[in-house]
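Throughout, a chain's letter reflects where its sequence line sits, starting with A, and its residues are numbered from 1. What you see is a predicted model, and the numbers here were worked out from it, not measured in a lab.
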Amino acid sequence: MSEKFYITTAIAYASRKPHIGNTYEIVLTDAIARYKKQRGYDVYFLTGTDEHGQKIQQIAEEQGITPQKYVDKVAGEIRDIWDLMGSDYNKFIRTTDDYHVEAVQKIFKKFYDQGDIYKSEYEGLYCVPCESFFTETQLVDGCCPDCGRKVEKTKEEAYFFKMSKYQDKLMKYIEENPDFIQPESRKKEMINNFLKPGLQDLCVSRTSFTWGIPVTFDDKHVIYVWIDALSNYITALGYSPDQKGELYNKYWPADIHVIGKDILRFHTIYWPIMLMALGEPLPKKVFGHPWLLSGTDKMSKSRGNVLYADELVKRFGVDAIRYYLLCEMPYAQDGTISYENIITRYNTDLANIWGNLVSRTVAMVNKYFGGTLEEPTDADGLDGELKAAAKDAVRGFERNMDGLRIADAIDCAMSLAKRSNKYIDETMPWVLAKDEAKRGRLATVLYNLVESIRITAVMLSSVMPGTSKSIFEQISATETGWDSILEFGKTQAGSKMGEAAPLFGRIDEKKMMEEIEAELDAKEDKKVPEENLVSIDDFAKLDIRAGKVLESKYVEGSDKLLVSKIDVGEKVLQVVSGIAKSYKPEEFVGKTVAVICNLKPVKLRGVLSEGMILAASDKKTINVLEAGDAAPGTKIS
RNA sequence: CGCGGGGUAGAGCAGUUUGGUAGCUCGUCGGGCUCAUAACCCGGAGGUCAUGUGGUUCAAAUCCCAUCCCCGCAACCA
């Protein structure tokens, strides 16, 4: 019986359609899972969606539908994208599934019964309009980072999990299993930032929203995200505290949880501790993969740099996007994505090196031997180097793949394709073809080429399953298992080649970029007015006036804030604004600027601010809007 | 001095564990070839390896020290 391998992605939060960065994780996990299957493991691959929480409740309310209806829609979209990417998962769990809800409730109850969870009060900085808590460090100038309003110290009844109880045991596990946290650098972060200073108890329930799994013995509370979401890895296998399913007994513990680096803490600290509390074994490995950046920035809607999997797949095909994602991401560093980079990769690696190699080889077999691959009878010293390259490539591919270095593994596979192109130049089949006496040699060269292609395609089939499949068809390969590439020469002689159909047609970069830009422009023209329409009445609520800056100075203890007295006609307002990086107090005085006069006053850094100065700002510079020589108090509209 | 990672050719990266001629991909320049998707193969140019003409050493990108810059984490953010 073959060895089991249980692999999971994090479950995707069903608040909106995932972008290509979110999609990376499923592709990465799928490639590892496929590779393990090739290597003969009995693989179980789990993915799914996390569907509870305040944010989803809010969005659903805004759209006037039930949260369940909303997550049904988004979970469907997510699943469609996972399928579009060709991911071959065994199960797709949703945290709203009945069996999951029930199991989580039992897990929560068990923790409570055995004294791991206790009821207390959660004290924190709370923003009432946003209904959320923030930490000291999240605040922007002492105010809510979402709405900019003042936060209050508030108490909320909540259940807490006694993390400290299991701390030493966890520390020991991490020490005894040096590979548990990947990559290594993240491990230090976890130990130094959290474990060493001592774990705080984790707040595990909420009363401020209702879209969650209810606590069975206290109906004011819903179970807060982590116990709900993390449990999916075992509930999906049929685990429940009172009954472990067959799948659970077979596959748990997980061999690897593939997750984003941002949630590593939850998977390497809280999740193991939960499992300890349940008395269950811990996962063997947690891999916090890096992020995919768009240019140099994190992908975000507000930056307008978001790319989606379906758009990219439509343009380049699934396998090209899978290939790009996997080889553009170094092991522990963020990768980048842009249309230009995709096109370059596509043209050089896939079209020129890989696709063209297949195409020229198949074409030669067709041209010189009527499509029949003959027995290799006439070896030459040159062949040895190619065979050695094939061996190195396979060995390197295995080593890197086993170490989760997918990009390096791909590089090993591609190096065999490159070596094969060189082999064609060295052996010059078109010269051999002119000499009837060299027919045996020509047949041997072509055989070696087809064999190298087959080996490369087997390696790359976890990365580009569709492409490998169509190559196998083109070269009529019958041997496609991993064992068949450990030794050179498993291609069946006498097989008949198919038509040489290009696998990846070259892309005209200039033309495609023009197309893309045209499409983007068209989209923007349509979208912007549609999405955020504000009526004139809404606008009229703002009292914007020209105001003359009478005096201005730095807010004590801040290098970003200026506090100014501004004459807005009938009164003088004190306004604090975050413009000190671009304006010195002395050069700000005397300007006539645009001021919102009816803003609810707030305290910033302890200084009262009664209005807001309008300014155009990006990350680096700030340009305050000026009103020329308009008299103070002049209405701006 | 909170913890950690990083600064290597125009761009993106490897090399640092175990010091010993600075390497890969893209781009660029030149050559070769014609089987193939204007593809493929070979060669050249281009680097004070952040800084300190710092320390150790026969020898430092690599080990040690100091400084500067970037990035991640810093506890509930799903």
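Minimum atom distance to the side chain of A:Y224 is reached by B:rA78, of the listed B:rA78, B:rC35, B:rA74.
B:rA50 sits 15 Å from B:rC13 when the P atoms are compared, rounded to a whole Å. Between the C1' atoms of B:rG30 and B:rU48, the separation comes to 29 Å (whole Å).
Near-neighbour residues of RNA chain B inside residues 430-447 of chain A, defined by a heavy atom below 4.0 Å, number-ordered: A:W430.
Applying the salt bridge (Lys or Arg N to Asp or Glu O under 4.0 Å) definition to pairs two or more places apart or across chains, those involving residues 50-61 of chain A are A:E51-A:R94. Judged as a ring-ring contact (aromatic ring centres under 6.0 Å, His included), the pairs with a partner in residues 335-358 of chain A (not counting sequence neighbours) are, in order, A:Y346-A:F504.
Not a single salt bridge (charged side-chain N to carboxylate O under 4.0 Å, His left out) links A:K422 to another residue, sequence neighbours left out. In this view, A:H289 and A:Y24 satisfy the ring-ring contact (aromatic ring centres under 6.0 Å, His included) rule, not counting sequence neighbours. Residues satisfying the side-chain contact (heavy atoms from CB on, under 4.5 Å) test with A:R506, not counting sequence neighbours, are A:N347, A:A351, A:N352. Applying the side-chain contact (heavy atoms from CB on, under 4.5 Å) criterion to A:K496, with sequence neighbours excluded, gives A:T372.
Rounded to whole angstrom, the span from the CD atom of A:Q58 across to the P atom of B:rC77 amounts to 13 Å. One interatomic measurement links the two molecules: CH2 of A:W211 to C1' of B:rA78, which rounds to 15 Å at whole-angstrom precision. In this structure, the CG atom of A:N347 is 10 Å from the P atom of B:rC40, given to the nearest Å. A:L202 places its CG atom 13 Å from the C1' atom of B:rA78, with the value rounded to the nearest Å. Atom CG in A:L264 sits roughly 16 Å away from atom P in B:rA75 (whole-Å rounding). A:F209 places its CZ atom 10 Å from the P atom of B:rC77, with the value rounded to the nearest Å. One atom, NZ of A:K418, and another, P of B:rA39, lie 16 Å apart when rounded to the nearest Å. In this structure, A:I263 atom CD1 and B:rG72 atom P are separated by 18 Å, rounded to whole Å.
To the nearest 0.5 Å, the span separating CD on A:E451 from CG on A:L386 amounts to 9.5 Å. The structure places CG of A:D116 at 7.5 Å from NZ of A:K162, a figure rounded to the nearest 0.5 Å. For the atom pair CD1 of A:I223 and CG of A:D228, the computed distance is 7.0 Å after rounding to the nearest 0.5 Å.
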Which atoms of nucleotides 8-18 of chain B (N or O only) lie under 3.5 Å from a protein N or O atom, and what are those distances?
from	atom 1	to	atom 2	distance (Å)
B:rA14	OP1	A:Q333	OE1	3.4

Could you go over nucleotides 36-38 of chain B and give all protein N or O partners under 3.5 Å, atom names and distances?
from	atom 1	to	atom 2	distance (Å)
B:rA36	O2'	A:N356	OD1	2.4
B:rA36	O2'	A:S359	OG	3.3
B:rA36	N1	A:R360	NH2	3.3
B:rA36	N3	A:N356	ND2	3.3
B:rA36	N3	A:R360	NE	3.0
B:rU37	O2	A:F504	O	3.4
B:rU37	O2	A:R506	N	3.3
B:rU37	N3	A:F504	O	2.7
B:rU37	O4	A:G355	O	3.2
B:rU37	O4	A:N356	N	3.4
B:rU37	O4	A:L503	N	3.4

Enumerate the protein-to-nucleotides 2-4 of chain B contacts in which both atoms are nitrogen or oxygen and the separation is below 3.5 Å.
from	atom 1	to	atom 2	distance (Å)
B:rG2	N2	A:N193	OD1	2.9
B:rC3	O2'	A:N192	ND2	2.7

Would you list the atom pairs, donor with acceptor, under 3.5 Å between side chains in residues 399-407 of chain A and any protein atom, with sequence neighbours excluded?
from	atom 1	to	atom 2	distance (Å)
A:N400	ND2	A:G396	O	3.1
A:D402	OD1	A:Y35	OH	3.1

Practice prompt. Assess whether salt bridge (Lys or Arg N to Asp or Glu O under 4.0 Å) is satisfied between A:E385 and A:R419, documenting all intermediate values.
Written response: CA-CA 9 Å; A:E385 278 183 48; A:R419 189 63 189 79; 2.9 Å; yes

Worksheet entry | Chi angles and distances behind the salt bridge (Lys or Arg N to Asp or Glu O under 4.0 Å) call for A:D392, A:K387 | CA-CA 9 Å; A:D392 288 349; A:K387 289 176 188 173; over 6 Å; no

Discussion item. Show, in sequence, the C-alpha distance, side-chain angles and deciding distance for A:Y13 and A:N22, and conclude whether the side-chain hydrogen bond (donor to acceptor under 3.5 Å, both in side chains) test is met.
Written reply: CA-CA 10 Å; A:Y13 196 54; A:N22 310 134; over 6 Å; no

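Within the 4.0 angstrom heavy-atom criterion, base atoms lie near A:D201. Base engagement by A:R265 is indicated by at least one non-hydrogen atom pair under 4.0 Å involving a base atom. A:G198 comes within contact range of at least one nucleobase, with a heavy-atom separation under 4.0 Å.
A 6.0 Å sphere centred on NZ of A:K119 holds more than 12 heavy atoms belonging to other residues, nucleotides or ligands. Around NZ of A:K165, the count of heavy atoms belonging to other residues, nucleotides or ligands within 6.0 Å exceeds 12.
Along RNA chain B, the nucleotide nearest to A:Y270 and the one nearest to A:M364 differ in position, and the one closer to the 5' end is contacted by A:M364.
RNA chain B forms stems at B:2-7 with B:68-73, B:10-13 with B:23-26, B:28-32 with B:40-44, B:50-52 with B:65-67, each a run of 3 or more consecutive Watson-Crick or G-U wobble pairs whose two key distances fall under 3.5 Å.
Here the options are A:K510, A:K511, A:E509, the test is side chain to side chain contact (heavy atoms under 4.5 Å, CB included), and the partner is A:M513; only A:E509 passes.
If you look at A:Y270 and A:W226, their ring centroids are not closer than 6.0 Å.
When the side-chain nitrogen and oxygen atoms of A:R206 are compared with OP1 and OP2 of B:rC77, one or more of them lie within a distance under 4.0 Å. Regarding contacts with the backbone of B:rC42, a side-chain N or O of A:K422 is found under 4.0 angstrom from either OP1 or OP2.
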